[in-house]
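Worksheet: the structure to be examined is printed underneath.
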Amino acid sequence: MIDIKLLRQNPEIFIEALKKRNASTELVDEILKIDAEWRKLTTEINNLKAERNNLSKLVAKAKAEKDEEKAKELIERSKKIGEEIKKIEEKQKELEEKIMEIALNIPNIPADDVPVGKDETENVEIRRWGEPKKFDFEPKAHWDLGPDLGLLDFERAAKLSGSRFTVMYGYFARLERALIQFMLDVHTKEHGYTEVWVPQLVKREAMLWTGKLPKFEEDAYNTTQDDMFLIPTAEVPLVALHAQEILSEKELPKKYTAYSACFRREAGSYGKDVRGMIRQHQFDKVELVWITTPERSSEDLEQLTRDAERILQLLELPYRVITLCTGDLGFTAAKTYDIEVWLPSYNAYKEISSCSNTTDFQTRRSNIRFRGKDNKLHFAHALNGSGLAVGRTLVAIIENYQNPDGSITIPKVLVPYMGIERIP
RNA sequence: GGAGAGGUGGCCGAGUGGUCGAAGGCGCUUGCCUGCUAAGCAAGUGUGGGGGUUACCCCACCGAGGGUUCGAAUCCCUCCCUCUCCGCCA
């Protein structure tokens, strides 16, 4: 949620932000116009209410003095004012709803150090780690490798659930589980995160608080009977944890990690990543969320990103980190680093984690505040990142660690979790 | 699904139609004091919105939304949430 006061005082900030994002700026003008009208009505209402409050006091006084005549007259006047207030309030409410509707559709302001660009082609690479492996044989894509080993089954998955679902058997299923365990262990034992186990169905409000609604309703699975949503990421329950709360500055930053399944309808991505298990309706993810202060949030994003990178380093998978340019930045994010892992099947780096500073965008919607050293209340900042997407990590391992005979070497750090050194 | 209880400020908790934005306690801030961080004493301390050049003024908020009333934390309705018991169930 944007700060309407800031928009009122410095609309140019928002116009600039929307331009940088390659988005239309007319919402700003529209909201300003409605807001001016709203303030006019608000002042009118406030004055009328003040008058009515005064009359009410006089009524009480008149009644105490047993001056029924006077009380009656005052009540008449007060009644008329009440009717007038009601009329104006109806108009005010309409305007309020319009303002809300527009405000909820204005994205976060990009941070100053985010490169300006029109789309993903202008994202900026920050650093690389490791070298893409050179194979002295033709490496298979996971969508061939998995079925050949009898460990990935897209056909039966489609039978049960349709496209963009996968069934895994045996060692692959175990590898998925091992990765979850491994990632959680690293983040809790080495990076100081608190492990959280969260609901994977949330109320509409939780989706709204975290910026997933109302703009992206078509992307989410919704249970029609109870209006619950299947979470698209554990970021939703983790950020919503502290909604409507006032935290003390001492307890910040809060660093949470959670495993969850994630559910996405992938509406509008029909042509993308149709083969294999890169883009699924259901996938596992270990999520990282920080609730922190405005002073340190941009520094904290660096740390969060490093924490996610650490998993790839331990797995010895080559990757690079890019900064999303303003045109590619997500709705809630002020700044985002994507971590991309090397995938032989794509012959390219492919997103495996997205680490964002949402500044006060989500905390404003969720009303997450903290009492600062100045003893005043401030909105906290919220960061989130994948640490990592488990399914894509599994794909990266099987593709990068495959051998000429079709077997797969297990990365050293996973051997204790798998109990074997190679598949099969 | 059925029956009951309840949701008040950072926290606990009182308050059943007018002077309640809300007693009291805890916490917090500041000052004083005591040979130490403890105790004690005093004062201050909610949030959001609108207006004004400052001092400041006004409005709203006691789970949410409606209603009754001149006037609602207090009465009525709807909804949400929490708890207890019963039923069902992994």
Side-chain angles (χ1 to χ4, degrees), chain A residues 1-9 31-101 103 197-209 213 222-229 237 240-252 254 261 291 293 360 363-380:
Chain A
M1 179 65 149
I2 54 149
D3 180 352
I4 292 188
K5 263 201 260 180
L6 182 65
L7 184 137
R8 198 137 66 202
Q9 286 157 8
I31 201 169
L32 280 175
K33 220 173 84 189
I34 301 170
D35 180 65
E37 179 68 11
W38 176 85
R39 276 184 298 158
K40 205 181 109 203
L41 296 187
T42 301
T43 305
E44 276 177 41
I45 290 169
N46 280 351
N47 291 341
L48 288 171
K49 281 188 175 172
E51 203 176 332
R52 184 176 67 180
N53 286 346
N54 267 330
L55 289 175
S56 277
K57 274 181 204 154
L58 292 177
V59 170
K61 206 171 152 198
K63 290 216 164 167
E65 289 164 1
K66 304 254 186 241
D67 190 346
E68 292 299 330
E69 199 74 359
K70 192 173 177 193
K72 214 172 165 185
E73 187 235 332
L74 291 167
I75 286 170
E76 269 318 300
R77 278 166 61 192
S78 185
K79 231 178 185 169
K80 266 190 199 144
I81 291 171
E83 282 161 19
E84 206 172 331
I85 290 172
K86 215 172 198 173
K87 255 192 274 173
I88 305 174
E89 269 181 341
E90 267 174 47
K91 269 195 260 174
Q92 185 205 32
K93 199 177 164 190
E94 261 177 56
L95 296 180
E96 241 163 39
E97 280 167 9
K98 272 190 208 158
I99 290 169
M100 243 335 194
E101 196 192 313
W197 187 90
V198 292
Q200 307 192 15
L201 278 170
V202 296
K203 295 193 287 188
R204 177 173 284 275
E205 289 96 308
M207 294 287 280
L208 188 84
W209 294 335
L213 291 180
N222 179 210
T223 72
T224 53
Q225 278 180 310
D226 304 296
D227 201 28
M228 299 287 278
F229 286 81
L241 274 183
H242 292 294
Q244 332 290 347
E245 290 184 13
I246 293 171
L247 307 166
S248 73
E249 188 163 3
K250 271 178 260 162
E251 54 187 326
L252 299 178
K254 284 187 174 289
I291 305 296
T293 62
D360 62 357
T363 55
R364 197 177 282 280
R365 289 187 180 210
S366 339
N367 203 16
I368 301 174
R369 293 174 295 174
F370 70 94
R371 199 171 288 282
K373 294 187 194 80
D374 56 2
N375 220 22
K376 292 205 171 117
L377 295 177
H378 307 274
F379 286 110

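Chain naming here is simple, since letters A, B, ... match the order of the sequence lines and numbering starts at 1 in each. Everything numeric in this text was worked out from a predicted model, so none of it was measured.
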Please list each protein N or O that sits under 3.5 Å from an N or O in nucleotides 45-48 of chain B, with the distance.
{"unit_1": "B:U47", "atom_1": "O3'", "unit_2": "A:Arg369", "atom_2": "NH1", "d": "3.3"}

Which residues satisfy the side chain to side chain contact (heavy atoms under 4.5 Å, CB included) test with [X], sequence neighbours excluded?
| X | result |
| --- | --- |
| A:Leu252 | A:Leu247, A:Lys254, A:Ile291, A:Thr293, A:Phe370 |
| A:Lys250 | A:Ser248 |
| A:Ala36 | A:Arg39 |
| A:Thr223 | A:Leu201, A:Asp226, A:Met228, A:Leu230 |

Atom [atom1] in [X], atom [atom2] in [Y]: separation rounded to 0.5 Å?
| X | Y | atom1 | atom2 | result |
| --- | --- | --- | --- | --- |
| A:Glu251 | A:His242 | CD | NE2 | 7.0 Å |
| A:Ile2 | A:Ile31 | CD1 | CD1 | 5.0 Å |
| A:Lys87 | A:Ile45 | NZ | CD1 | 12.5 Å |
| A:Leu55 | A:Ile81 | CG | CD1 | 5.0 Å |

Write down the distance between [atom1] ([X]) and [atom2] ([N]), rounded to a whole number of angstrom.
| X | N | atom1 | atom2 | answer |
| --- | --- | --- | --- | --- |
| A:Ile85 | B:C70 | CD1 | C1' | 11 Å |
| A:His242 | B:G10 | NE2 | C1' | 15 Å |
| A:Glu251 | B:C28 | CD | P | 14 Å |
| A:Met228 | B:C80 | CE | C1' | 13 Å |
| A:Glu73 | B:C70 | CD | C1' | 12 Å |
| A:Lys86 | B:G66 | NZ | P | 11 Å |
| A:Glu83 | B:U69 | CD | P | 11 Å |
| A:Arg204 | B:C81 | CZ | P | 14 Å |

### Task
Mark yes or no for whether A:Arg365, through its side chain, and A:Leu208, through its backbone, hold a donor-acceptor pair below 3.5 Å.
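Looks like yes, one N/O pair under 3.5 Å.
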### Task
Give a yes/no answer on whether the side chain of A:Lys79 brings an N or O atom under 4.0 Å of OP1 or OP2 in B:C70.
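True: A:Lys79 side-chain N/O within range (under 4.0 Å) of B:C70 OP1/OP2.
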Report which part of the nucleic acid [X] touches: base, sugar-phosphate, or nothing (heavy-atom distance under 4.0 Å, all strands).
| X | value |
| --- | --- |
| A:Lys40 | nothing |
| A:Lys72 | nothing |
| A:Ser78 | sugar-phosphate |

### salt bridge (charged side-chain N to carboxylate O under 4.0 Å, His left out) against A:Arg204, all qualifying residues, sequence neighbours excluded
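With neighbours one apart ignored, the set is A:Glu217, A:Asp227.
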### Query
So, do A:Trp209 and A:Thr363 sit near enough that their side-chain heavy atoms are less than 4.5 Å apart?
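Counting from C-beta outward, A:Trp209 and A:Thr363 never come under 4.5 Å.
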### Query
Taking side chain as C-beta onward, heavy atoms only, is A:Phe379 less than 4.5 Å from A:Asp3?
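No. Closest side-chain heavy atoms not under 4.5 Å.
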### Task
Please name all residues satisfying side-chain hydrogen bond (donor to acceptor under 3.5 Å, both in side chains) with A:Glu249, sequence neighbours left out, ordered by chain then number.
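side-chain hydrogen bond (donor to acceptor under 3.5 Å, both in side chains) check on A:Glu249 returns A:Lys373.
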Please give the distance between the [atom1] atoms of [N] and [M] as a whole number of Å.
| N | M | atom1 | answer |
| --- | --- | --- | --- |
| B:A73 | B:G15 | C1' | 8 Å |
| B:U37 | B:A55 | C1' | 40 Å |
| B:G63 | B:C56 | C1' | 33 Å |
| B:A23 | B:U45 | P | 11 Å |
| B:U69 | B:U74 | C1' | 13 Å |
| B:G10 | B:G44 | C1' | 16 Å |
| B:U29 | B:C83 | P | 34 Å |
| B:G46 | B:G52 | C1' | 24 Å |

### Query
A:Trp38 side chain: which of B:C70, B:G49, B:G67 is closest?
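Minimum distance to the A:Trp38 side chain belongs to B:G49.
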#### Entry: Pairwise side-chain hydrogen bond (donor to acceptor under 3.5 Å, both in side chains) hits with a residue in residues 44-60 of chain A, at least two apart
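Listed once each, the pairs are A:Lys49-A:Glu89.
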### Query
side-chain hydrogen bond (donor to acceptor under 3.5 Å, both in side chains): which pairs involve residues 90-99 of chain A, sequence neighbours left out?
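Checked against side-chain hydrogen bond (donor to acceptor under 3.5 Å, both in side chains) - neighbours excluded - the pairs reaching residues 90-99 of chain A are A:Trp38-A:Glu96, A:Thr42-A:Gln92.
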### Query
Between A:Arg77 and A:Glu73, is there a salt bridge with N-O shorter than 4.0 Å?
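Yes, this pair counts.
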### Query
With nearest nucleotides of RNA chain B determined for A:Glu76 and A:Lys57 from heavy-atom distances, which residue corresponds to the more 5′ nucleotide?
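On the 5' side of the pair lies A:Lys57.
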### Message
Quick check on RNA chain B: between A:Leu74 and A:Ile246, whose nearest nucleotide comes earlier from the 5' end?
### Response
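By nearest-heavy-atom nucleotide position, the 5'-most residue is A:Ile246.
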### Message
Take N1-N3 plus N6-O4 or O6-N4 for Watson-Crick, N1-O2 plus O6-N3 for G-U, both under 3.5 Å. Which runs of 3 or more such pairs involve RNA chain B?
### Response
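When the pairs of RNA chain B are grouped into runs of at least three, the stems are B:1-7 with B:80-86, B:10-12 with B:24-26, B:27-32 with B:40-45, B:46-51 with B:56-61, B:63-67 with B:75-79.
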Report each atom pair, protein N/O against N/O of nucleotides 58-63 of chain B, whose distance is under 3.5 angstrom.
{"unit_1": "B:C59", "atom_1": "OP1", "unit_2": "A:Asn53", "atom_2": "ND2", "d": "3.0"}
{"unit_1": "B:C59", "atom_1": "O2'", "unit_2": "A:Asn46", "atom_2": "OD1", "d": "2.9"}

What pairs of nitrogen or oxygen atoms, one from the protein and one from nucleotides 51-54 of chain B, lie under 3.5 Å apart?
{"unit_1": "B:G51", "atom_1": "OP1", "unit_2": "A:Arg39", "atom_2": "NH1", "d": "3.1"}

